[in-house]
Every structure is written in C-alpha cells, then in structure tokens.
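One structure below.
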Amino acid sequence: MSPPLTDARSAALYAEALKVLPGGVNSPVRAMRAIGRDPLFVERGEGAEIVDADGNRYIDYVCSWGPLIHGHAHPEVVAAISAAAARGTSFGAPTAGEVELAEEVAARFPSVEMVRMTSSGTEASMSALRLARAATGREKVLKFAGAYHGHVDGLLAEAGSGLATQGIPASPGVPAAATAATVIVPWNDPQALRAAVAEHGDRLAAIVAEPYPANMGVVLPREGFLALLREQADASGALLILDEVISGFRVARGGAQAREQIRPDLTIMGKVLGGGLPAAAYAGPRALMEQIAPAGDVYQAGTLSGNPLAVAAGLATLRLLDGDAYDRLEATTTALAAGLRDGAAAAGRTVEVVDVPGLLTVFFREGPVRDYADAAASDRDAHAAWCRALLAHGVYPPPSQFEAWFPSLAHDDAVVRRTLDAAAAAFQETAP
Ligand SMILES: Cc1ncc(COP(=O)(O)O)c(C=O)c1O
Ligand SMILES: N[C@H](C=O)CCC(=O)O
C-alpha cells in the first residue's frame, strides 16, 4: 500500500473553498480539524474506495456518514437513479415510488404503519418532536448527553458529532427558550433517567434516543436500558422516539428496535433510506401519523420531500438488503473489530473497540465506554495521530473520536485485510 503521493490539488481546492464556504466545507465534521489536518477533496467513489482530487486511493470508512451500505456507485443504485432522472427530477406531486418506499419501510418496522418523508434527518427529528408535542399537549423533551439528532435548535445541547468534536456545549444562535424545554440525562444511567422523569414526567412530550448512539462514537446501551426508556415513557405518558437515522436498515433489517425488541412510538430514519441521496423520514402508527397535515393539523411540508431520485435510490438500496447482506455486514464488522483489537495489542496500545453490525469505534482509552463522559475521556491526540497515519496508509477513517466507522457490503475480505495491515502499521508508528 503506497502512501499518498501528494495532496497539492486538495490543498489548492481547500484554499479556494475557504474563500467561499465557511470553514471550507458544507458540514463541519468533513473539515478534519479534530485530527489536525486539512480535508481531502473527493473526486469519485468506487465500491469500498474513494479517489481524491490528487488521484490517491483510500479504503473509505465514512461512506458518506452511513448512507452507502452497498459502497460507492453500486451499479443497481446508479441505474435506478439514472432511470428516475430521465423521467424528471422533481414534480412536487405524489409519485408511485413514495408509496412503494413507505410500504418497504412498514414491512421492515413493525412499529410503523405510516411514513412522512423529509429531505434530511434534522428535518425528520424536528418534525417528530412537533408531532410528539402536539399529540401529548406537552413541551419538554428528554435527550441523552452525547446524542445527536441533527441541528434542531432544542436538541443542540450537550450534543454529539461535530459539537462534541469542537467542544461546543450549545450553539450560539439557539434561543434560550428553545433549550429550556430540553432535559438532558447521561446515557446508560438508570437512576438519572428515573430522577429526570420523576421531576419532569408530567410535562414530557417525548424521550428521544439513538438506540445505538453513534455520535459520541458507538456507545451501546447497557442491558435493560432501552426497556427502561420504554417503561419510563409509558409511566409518564411521554412518547418514545427512537432516532434510527444511523442504525435503521444498517444494524438489522428492522434497525436497532428489531435487534433489541423495543417498540417506539415514533422512529426517525435517514441515511440508508435515501441510498446516498437526500431522504429521511419520521414514521409510526396511523393514529399518531394521521395528525400530520393534510390528514391532521400538525403542519410539516417540504418542496423536495419524497424526491423521485432519492426514492429510487432508497428503493434500490433497500431491495438489495437481503438476509445474506446483513450476515455479511456483521461478519465484516466483527472481523474488523477483532483485527483492530489485535493490531492495537500487538503494538502495545490500549484501545476499546466497540462494535455492532455495520458500526464500530476505536476509543483510545482503557475500560468500557458507557456514556459521553467516558468517550470524552479518550486520548484524542492519540486517536488523531492514528487517523493521520491511517490516511497515509490509504485508509480514510471518520476523522473524529466522536463518530462511527461505516463498513459497507463492498468491504470484502481483501479490503478488510488491507485495512487491518494499515491499522496495525499505524498503531506501531504512532505508539508513544
Ligand atoms: C442519529 C442522527 N440523527 C439525526 C441526524 C441528522 O441527519 P441529517 O444530517 O440528515 O440532518 C444524524 C446525522 O447527521 C444522526 O446521526
Ligand atoms: N455524525 C454526523 C451524522 O451522523 C456526521 C454527518 C454530518 O453531520 O456531516
């Protein structure tokens, strides 16, 4: 595996970008600031790999931050998008594909009877909260520290992802009133959850959670914690909203709720649902969903919602995900996680690798990672150095300790072997 020859073209593009895009990017985590380097500009993707503007090839573990479960430019997904584009890119009127996609979603999620599509996970989160507030007549929302549900004003408090990366506890520009109704509880802390529900329960519209949090790195729920969310929501009359934007269609056909046997009132979806094009959704039982306009009076709309290209990409993506695909993705993730543990141990490095099918994080710390405080206590400098070394060896990791790796079905055994060779070398080279 040869290291990148040059990044001159990426550097030039970044210099230009800084003049016209804030921070040179259109979403903060792409800037690679958390690992102390400048971003690479991507020219194209092929299966498990991306090629940058200088012609360097990388095995990609960002995969557009999750949507590309089949890897880059899967021929069937590309064909579906091309065929849809040839029929017209947007109509602002219903299309058959939207009905088919909603049926595909409902077939996978027993908690879902109806689906409302949006263009981003942020919109879906915002709209699910509006529906929960309307349905309960209450205002407060309980979220978990280190969880990220998009840049919804009220949820930009102790949020993960780019806010964690940049140490932004709450974004300027969010009105105090927007977060006044937000109750924040540490993840995996039953006592804190019970105490918060005891204090705010009669005003709680919703408990919202990523069932497999992946925006503080992957931090899995402790045994019984998700069941406790359901119990506490029921006890207080709040709705349970599971944000499966990352986990949905990835960790299992029916998402984390299927693996964990927990039935939410509403589910937020995105990423894989749009197959690499902008699509997301919130979904749930008819009685709740029919409160949304025009069936009901909870207003929510979108010029490009249910866009035919995104729907075509989503349908093609979901239809390729048979049982064998999930078995393969699980085997790939397990092999990666085990190999990363071995590579670290061989180099005398202490890391905690957390994995669930389709997602993993290498935390540079000793001991289990139970919550955001544990994740934040990782050695971020060591993580950054390892990521820079991985890039030099042709592997493109999520450039932050507070994100997940997204292996895809295009990451075959040979790709995994090359990744683990690079990772082992990077562990050795960056050992203190
Ligand atoms: C769990 C979760 N929810 C919501 C979002 C927001 O989605 P989007 O970036 O499409 O707005 C994201 C990612 O960005 C996410 O990871
Ligand atoms: N962690 C974020 C979503 O999952 C990363 C994507 C982004 O915000 O650009």
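Basis for what follows: all heavy atoms, side chains included, without hydrogens, waters or symmetry-related copies. Both counts, for ligands and for their atoms, begin at 1 and track the order of listing.
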(request) Would you kindly specify which portion of I246 sits under 4.0 Å from ligand 2, judged on non-hydrogen atoms: side chain, backbone, both or neither? (result) side chain
(message) For atom 3 (N) of ligand 1, what is the closest protein heavy atom, and at what distance to 0.1 Å?
(response) D243 OD2, 2.6 Å
(request) Could you check atom 11 (O) of ligand 1 against the protein and tell me its nearest heavy-atom contact, residue, atom and distance included? (result) T122 OG1, 2.6 Å
(request) Have a look at P278, G121, S27 and point out the one with the heavy atom closest to atom 10 (O) of ligand 1. (result) G121
(request) Quick one: look up the protein heavy atom nearest atom 14 (O) of ligand 1 and list residue, atom name and how far away it is. (result) Y148 CE2, 3.4 Å
(request) Could you tell me which atoms of ligand 2, counted from 1 in the order shown, lie closer than 4.0 angstrom to a heavy atom of E403? (result) 1 (N), 2 (C)
(message) Under 6.0 Å between ring centres: does that hold for W386 and F364?
(response) yes
(request) For atom 16 (O) of ligand 1, state whether the nearest protein heavy atom is under 4.0 Å away. (result) yes
(message) Please work out, at 4.0 Å between heavy atoms, whether the side chain, the backbone, both, or neither of N215 comes within that distance of ligand 1.
(response) side chain
(message) Closer than 4.0 angstrom, basic N to acidic O: yes or no for R194 and D189?
(response) no
(request) Using a strict 4.0 Å threshold on nitrogen-to-oxygen distance, state whether D412 and R418 make a salt bridge. (result) no
(request) Please indicate whether any nitrogen or oxygen in N215 is less than 3.5 Å from any nitrogen or oxygen in ligand 2. (result) yes
(message) Which residue and atom name correspond to the protein heavy atom nearest atom 4 (O) of ligand 2, and how close is it?
(response) K271 NZ, 2.7 Å
(message) Under a 4.0 Å threshold between the charged nitrogen and the carboxylate oxygen, would E139 count as salt-bridged to R203?
(response) no
(request) Considering only NZ, NE, NH1 and NH2 on the basic side and carboxylate oxygens on the acidic side, decide whether E290 and R116 come within less than 4.0 Å. (result) no
(request) Mark up the atoms of ligand 1 that fall under 4.0 Å of a heavy atom belonging to I246, in ascending order. (result) 16 (O)
(message) Under 3.5 Å between any N/O of E210 and any N/O of ligand 1: does that happen in this structure?
(response) no
(request) State the atoms of ligand 2, each with its element, that fall below the 4.0 Å cut-off from a heavy-atom position in S161. (result) 1 (N), 2 (C), 5 (C)
(message) Could you check whether R57 pairs with E46 (Lys NZ or Arg NE/NH1/NH2 to Asp/Glu carboxylate O, under 4.0 Å)?
(response) yes
(request) Report yes or no: do T267 and Q257 form a side-chain donor-acceptor pair below 3.5 Å? (result) yes
(request) Check whether the ring centres of F363 and H383 lie less than 6.0 Å apart, and answer yes or no. (result) no
(request) Would you please determine whether K271 falls within less than 4.0 Å of ligand 1 on a heavy-atom basis? (result) yes
(message) Would W65 count as being in polar contact with ligand 2, using the rule that some N or O on each side must be under 3.5 angstrom apart?
(response) no
(request) Identify, for atom 5 (C) of ligand 1, the protein heavy atom at the shortest distance, and state residue, atom and that distance. (result) G150 N, 3.6 Å
(request) State whether a side-chain donor-acceptor pair under 3.5 Å links T95 with E98. (result) yes
(message) Ring centroids only, cut at 6.0 angstrom: are Y326 and F249 within range, meaning strictly under it?
(response) no
(request) Please check if any side-chain donor atom of S400 sits under 3.5 Å from a side-chain acceptor atom of E403, or the reverse. (result) no
(message) Out of all atoms in ligand 1, which are within 4.0 Å of some heavy atom of S120? Include the element for each.
(response) 10 (O), 11 (O)
(message) Applying a heavy-atom cut-off of 4.0 Å, say which part of R30 lies close to ligand 2: side chain, backbone, both or neither.
(response) neither
(request) State the atoms of ligand 2, each with its element, that fall below the 4.0 Å cut-off from a heavy-atom position in V29. (result) 5 (C), 7 (C), 9 (O)
(message) Counting only heavy atoms closer than 4.0 Å, does ligand 1 sit against the backbone of H149, its side chain, both, or neither?
(response) backbone
(request) Step by step, work out the side-chain contact (heavy atoms from CB on, under 4.5 Å) result for L340 and D355. (result) CA-CA 11 Å; L340 289 165; D355 67 296; over 6 Å; no
(request) For S27, counting its heavy atoms only, list the atoms of ligand 2 lying under 4.0 Å from any of them. (result) 7 (C), 8 (O), 9 (O)
(request) Would you kindly say whether E260 and Y212 are connected by a side-chain donor-acceptor distance under 3.5 Å? (result) yes
